[in-house]
Visitor: 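I'd like to ask some things about the structure below.
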Amino acid sequence: MRIPIQSVTPDIGHADVCGWVHEVRDLGGLAFFLIRDRTGILQVTIPKKKVPEAVLAAIKRVSRESVVRVTGTVKVMEKAPGGRELVPDTFEIVNLAETPLPLDVSEKVGVELDTRLDARFLDVRRPRVAAVFHIRSAAMHVMNDYFHKKGFIGITTPKIVAAATEGGTELFPIAYFDKEAFLNQSPQLYKQMMMAAGFEKVYEIGPIFRAEEHNTTKHLNEATSIDIEVSYADHLEVMRILEDLIVKTYEYVNATCSDHLANIECTNFTVPKAPFARLPYTEAIEIAAKKIAEPIKFGDDISAAAEHVIGDEMGAHYFIVDWPSSIRPYYAMPYEDDPTICKAFDLMHPRMELSSGAQRVHQHNLLVQQIAKKGLNPESFEFYLKPFRYGMPPHAGWGLGADRLIMTMLGLSNVREAVLFPRDMHRLVP
RNA sequence: GCCCAGGUAGUGUAGCGGCCUAUCAUGAUUGCCUGUCACGCAAUCGACUCGGAUUCGAAUUCCGACCUGGGCGCCA
């Protein structure tokens, strides 16, 4: 029976392991093979005079990163990693790897991100890279779990949609039989429809697509979005849910992924403290004005430079609240007493935006007005507007970028590091 | 889309008009080596993105293409 390398302890006597040949050190009469699986690395020690002929034949033929199956006696050995080593009875080459390798899995020489992504399957064999995705999996798990515990209903909504009804971002057009269609930029309209459907609390974790020609370390053309929508909630309530979710996710990763965190040498992993600061937009632009040459006027978007100086000043997760209505989407609810600002918010990490959300407009007439005010045509929104005519509860929600959450959590310098097979302007393969 | 920086063995790099028959590391191949842990030692192999121009001479300068990294913009 094959066992994981982690389970090979000095006391088990005999072991049967499968894995990759990580490194070879052949000293002549004695050879050391490091065998790696996803749980760890085991030293296989081969005293050449004492092992079967078949073992010698196999180790002569095997190459690095070949898949092998090794059985033998486990010996206590202080000098070996993990305090134990395996002396083989059998050494089977399950699948020989070609040489040379497209990149060095044992990390003796550096490798550029582009080369890594071209051979991502090999890149992810590196323990420190695999660790990112173990942590991502743990984070996704705890968020799903959180939503279920809080009574959210998980939904999936179409990624193929008919029209660019939301405006704003560019969409990817696709051929859909004899019709024009697009890849969806966000589940926004669909999760709102589920408020009209009476689900009250919904969440979706899924892909979103944006056809923007951006070329940065924090943008992708395909991203994973974590979205919620809650009936009878206002923006303040969904902000509390969001900060609670972030804190609980960090706590879970901290509690369950210490080995993986150590592996990626994540030195500044700290669980954020709730409540996060609520910084009104007008104060945010005042902070920016003190530090950057070109001040932001009310109604301007917050530039990347401003985002950085405000992030430095805040030093931790924070919300920017009370945005000008003019720069938020039509479905953001304006304040009753001052409709120039609205009940919209962004959740910021000091490095970048992670999430944006709002209390939504639930009144049909107001929504039609807001759509028209944005220069859009309400007639093309009929499928979206219809639910608002038959008893739409008030509601609020947000969308959170999963890739950026992992990137900022682990201090990764490029969002592509947090995604197995990133899609950007230049990369469609693998 | 705009701007900047780049493209040299499988990988990561040095060289920036003649010293290049191109550096170093890693790797691959072969040999030696019984406690390595980036094992050591020796030999061998392996590269200037493509096209054009300037020049006696181009990896090096210029032009174009392609590709890459980064910043900005865009990102309801």
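Naming: A, B, ... by sequence-line order, numbering from 1 per chain. Source: prediction; values computed, not measured.
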Visitor: Which value, in whole Å, describes the distance between the P atoms of nucleotides B:rG7 and B:rA14?
Guide: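 Roughly 9 Å separates the two P atoms.
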
Visitor: Determine the interatomic distance between C1' on B:rA47 and the same-named atom on B:rU13; round to the nearest Å.
Guide: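 It comes out at 12 Å once rounded to the nearest Å.
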
Visitor: Checking contacts here: which listed nucleotide (B:rG12, B:rU36, B:rC75) is nearest the side-chain heavy atoms of A:E212?
Guide: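 The nucleotide sitting nearest to the side chain is B:rC75.
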
Visitor: If you look only at pairs with a residue in residues 56-101 of chain A, which of them pass as a ring-ring contact (aromatic ring centres under 6.0 Å, His included), with sequence neighbours excluded?
Guide: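 Pairs touching residues 56-101 of chain A that pass the test: A:F33-A:F91.
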
Visitor: Base, sugar-phosphate, or nothing for A:H22, non-hydrogen atoms under 4.0 angstrom?
Guide: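 Answer is nothing: A:H22 stays at 4.0 Å or more from every strand.
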
Visitor: Please determine which of A:Q185, A:M425, A:E170, A:H219 meets the side chain to side chain contact (heavy atoms under 4.5 Å, CB included) test together with A:E212.
Guide: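 In the set A:Q185, A:M425, A:E170, A:H219, the residue that makes a side chain to side chain contact (heavy atoms under 4.5 Å, CB included) with A:E212 is A:E170.
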
Visitor: Would you measure the distance from the P atom in B:rU11 across to the matching atom in B:rA28 and give it in whole Å?
Guide: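 Rounded to whole Å, the distance is 14 Å.
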
Visitor: Under 4.0 Å, heavy atoms only, any strand: does A:A80 hit a base, just the sugar-phosphate, or nothing?
Guide: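 Base contact - A:A80 has a heavy atom under 4.0 Å of at least one base atom.
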
Visitor: Starting at the 5' end of RNA chain B and moving along, which residue's nearest nucleotide shows up first, A:H308 or A:R404?
Guide: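 With A:H308 and A:R404 compared, the 5'-side residue is A:H308.
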
Visitor: Kindly point out which of B:rG12, B:rG31, B:rA28 is positioned nearest to the side chain of A:E112?
Guide: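 Among the listed nucleotides, the one closest to the side chain of A:E112 is B:rG12.
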
Visitor: Between A:R278 and A:E283, is there a side-chain N and carboxylate O pair less than 4.0 Å apart?
Guide: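 Not counted as a salt bridge, because no side-chain N and carboxylate O are separated by less than 4.0 Å.
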
Visitor: At under 4.0 Å between heavy atoms, what does A:P81 touch on the DNA or RNA strands: base, sugar-phosphate, or nothing?
Guide: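 Base: the residue A:P81, judged by heavy atoms under 4.0 Å, touches a nucleobase.
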
Visitor: Determine: side-chain N/O of A:H214 to OP1/OP2 of B:rC75, distance under 4.0 Å, yes or no.
Guide: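 Answer no for this pair, as no side-chain N or O of A:H214 is under 4.0 Å from OP1 or OP2.
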
Visitor: Among B:rG35, B:rU13, B:rG73, find the nucleotide with the atom closest to the side chain of A:A304.
Guide: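 Of the options given, the side chain of A:A304 lies nearest B:rG73.
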
Visitor: Do NZ/NE/NH1/NH2 and the carboxylate oxygens of A:R2 and A:D16 come within less than 4.0 Å?
Guide: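 The answer is no: the pair does not qualify as a salt bridge.
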
Visitor: If you compare every side-chain N and O of A:T217 against the phosphate oxygens of B:rG71 (OP1, OP2), does one of them come in below 4.0 Å?
Guide: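 So the side-chain polar atoms of A:T217 do come within 4.0 Å of the phosphate oxygens OP1 or OP2 of B:rG71, strictly under.
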
Visitor: Using the C1' atoms only, state how far B:rG52 lies from B:rG12, rounded to an integer number of Å.
Guide: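 Pairwise C1' distance, B:rG12 against B:rG52, rounds to 31 Å.
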
Visitor: Could you give me the CA-CA distance, side-chain angles and deciding distance for A:M239 and A:V321, then say whether side-chain contact (heavy atoms from CB on, under 4.5 Å) is met?
Guide: CA-CA 10 Å; A:M239 283 162 69; A:V321 300; 3.5 Å; yes

Visitor: Can you tell me which nucleotide in B:rA28, B:rG1, B:rG70 comes closest to the side chain of A:N414?
Guide: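 Of the candidates, B:rG70 comes closest.
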
Visitor: Given atom CZ of A:R61 and atom C1' of B:rA28, what is their separation to the nearest angstrom?
Guide: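 Going from A:R61 (CZ) to B:rA28 (C1'), I get 17 Å.
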
Visitor: Is there a side-chain polar atom (N or O) of A:T115 under 4.0 Å from OP1 or OP2 of B:rG12?
Guide: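 The answer is yes; a side-chain N or O of A:T115 sits under 4.0 Å from OP1 or OP2.
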
Visitor: A:L103 CG to B:rA28 P: how many Å, rounded?
Guide: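 Answer to the nearest Å: 13 Å.
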
Visitor: Give the nucleotide from the list B:rU68, B:rC33, B:rU34 with an atom nearest to the side chain of A:L30.
Guide: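 Nearest listed nucleotide: B:rU34.
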
Visitor: Ignoring hydrogens and geometry, is there a side-chain-to-backbone donor-acceptor pair from A:Q359 to A:D234 under 3.5 Å?
Guide: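 No, because the side chain of A:Q359 does not come within donor-acceptor range (under 3.5 Å) of the backbone of A:D234.
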
Visitor: Using the C1' atom in both, what is the distance from B:rU49 to B:rA43, to the nearest Å?
Guide: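 Comparing C1' positions in B:rU49 and B:rA43 gives a spacing of 32 Å.
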
Visitor: CG of A:D123 versus P of B:rG12: gap in Å, rounded?
Guide: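 For the pair A:D123 CG and B:rG12 P, the rounded distance is 11 Å.
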
Visitor: Whole Å only: how far is the CG atom of A:D104 from the P atom of B:rA9?
Guide: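 To the nearest whole Å, that distance equals 16 Å.
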
Visitor: What is the separation between atom CD on A:E98 and atom P on B:rG10, rounded to the nearest whole Å?
Guide: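 Interatomic distance, CD of A:E98 to P of B:rG10: 14 Å.
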
Visitor: Side chain of A:R416, heavy atoms from C-beta onward: which of B:rA38, B:rG35, B:rG70 has the nearest atom to it?
Guide: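 Per side-chain heavy atoms of A:R416, the pick is B:rG70.
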
Visitor: Name the orientation class of the two ring planes belonging to A:Y330 and A:F381 (parallel below 30°, tilted from 30 to 60°, perpendicular beyond 60°).
Guide: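 Answer is perpendicular, since the angle exceeds 60°.
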
Visitor: If you draw a 6.0 Å radius around CZ in A:R61, do more than 12 non-hydrogen atoms from other residues or ligands fall strictly inside?
Guide: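 No, CZ of A:R61 has 12 or fewer neighbouring heavy atoms, counting only those of other groups under 6.0 Å.
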
Visitor: On a whole-Å scale, what distance lies between the C1' atoms belonging to B:rC45 and B:rC2?
Guide: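 Per the computed distance, 45 Å lies between those C1' atoms.
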
Visitor: Consider the side chain of A:M77, meaning its heavy atoms from C-beta on, and name the nucleotide among B:rG31, B:rG35, B:rA28 that approaches it most closely.
Guide: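 That would be B:rG35.
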
Visitor: B:rA38 base to A:E23 side chain: any donor-acceptor pair below 3.5 Å?
Guide: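 Answer is no: no donor-acceptor pair is held.
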
Visitor: Could you give me the CA-CA distance, side-chain angles and deciding distance for A:L410 and A:L261, then say whether side-chain contact (heavy atoms from CB on, under 4.5 Å) is met?
Guide: CA-CA 8 Å; A:L410 301 181; A:L261 286 169; 3.8 Å; yes

Visitor: Which dot-bracket notation, 5' to 3', represents the base pairing of RNA chain B when pairs are defined as Watson-Crick or G-U with both distances under 3.5 Å, crossing pairs as [ ], and inter-strand pairs as |?
Guide: (((((((..(((.....[.....)))((((((.......))))))...(((((..]....))))))))))))....

Visitor: Between A:F32 and A:D26, who's closer to the 5' end of RNA chain B by nearest nucleotide?
Guide: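 On the 5' side of the pair lies A:F32.
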
Visitor: What nucleotide, of B:rC74, B:rA76, B:rG1, holds the atom closest to the side chain of A:R210?
Guide: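 Nearest listed nucleotide: B:rA76.
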
Visitor: Please report the distance, rounded to the nearest Å, between CD in A:Q43 and P in B:rC37.
Guide: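 A:Q43 atom CD is separated from B:rC37 atom P by 11 Å.
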
Visitor: Find the distance A:D114:CG to B:rG10:C1' and express it as a whole number of Å.
Guide: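 For the pair A:D114 CG and B:rG10 C1', the rounded distance is 15 Å.
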
Visitor: Are more than 12 heavy atoms, taken from residues, nucleotides or ligands other than A:F298, located less than 6.0 Å from that residue's CZ atom?
Guide: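 For A:F298, atom CZ is crowded (more than 12 foreign heavy atoms under 6.0 Å).
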
Visitor: If you measure from the C1' atom in B:rC50 to the same atom in B:rU8, how many Å do you get, rounded?
Guide: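 That atom pair is separated by 14 Å.
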
Visitor: Rounding to a whole Å, what distance do you find between A:H219:NE2 and B:rG70:C1'?
Guide: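 Answer to the nearest Å: 13 Å.
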
Visitor: Taking the side chain of A:N215 as its heavy atoms from C-beta onward, which of B:rG35, B:rA76, B:rC72 lies nearest to it?
Guide: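 The closest nucleotide is B:rC72.
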
Visitor: With a 4.0 Å cut-off on heavy atoms, is A:S303 in touch with a base, just the backbone sugar-phosphate, or nothing at all?
Guide: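 Since only primed, P, OP1 and OP2 atoms lie under 4.0 Å of A:S303, the category is sugar-phosphate.
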
Visitor: Whether the side chain of A:S356 and the base of B:rA76 hold a donor-acceptor pair under 3.5 Å is what I'd like checked.
Guide: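 Donor-acceptor pair under 3.5 Å: no.
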
Visitor: Once you apply a heavy-atom cut-off of 4.0 Å, does A:G110 come out as touching a base, just sugar-phosphate, or nothing?
Guide: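 Sugar-phosphate contact only.
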
Visitor: Considering every strand and a 4.0 Å limit on heavy-atom distances, what is the contact class for A:K48: base, sugar-phosphate, or nothing?
Guide: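 No contact.
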
Visitor: Quick one: which of A:K291, A:R351, A:K218 gives a salt bridge (Lys or Arg N to Asp or Glu O under 4.0 Å) with A:E307?
Guide: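 Checked A:K291, A:R351, A:K218 against A:E307; only one passes salt bridge (Lys or Arg N to Asp or Glu O under 4.0 Å): A:K218.
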
Visitor: What distance, rounded to whole Å, do you find between the two C1' atoms, one in B:rG64 and one in B:rU54?
Guide: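 After rounding to an integer number of Å, I get 15 Å for this pair.
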
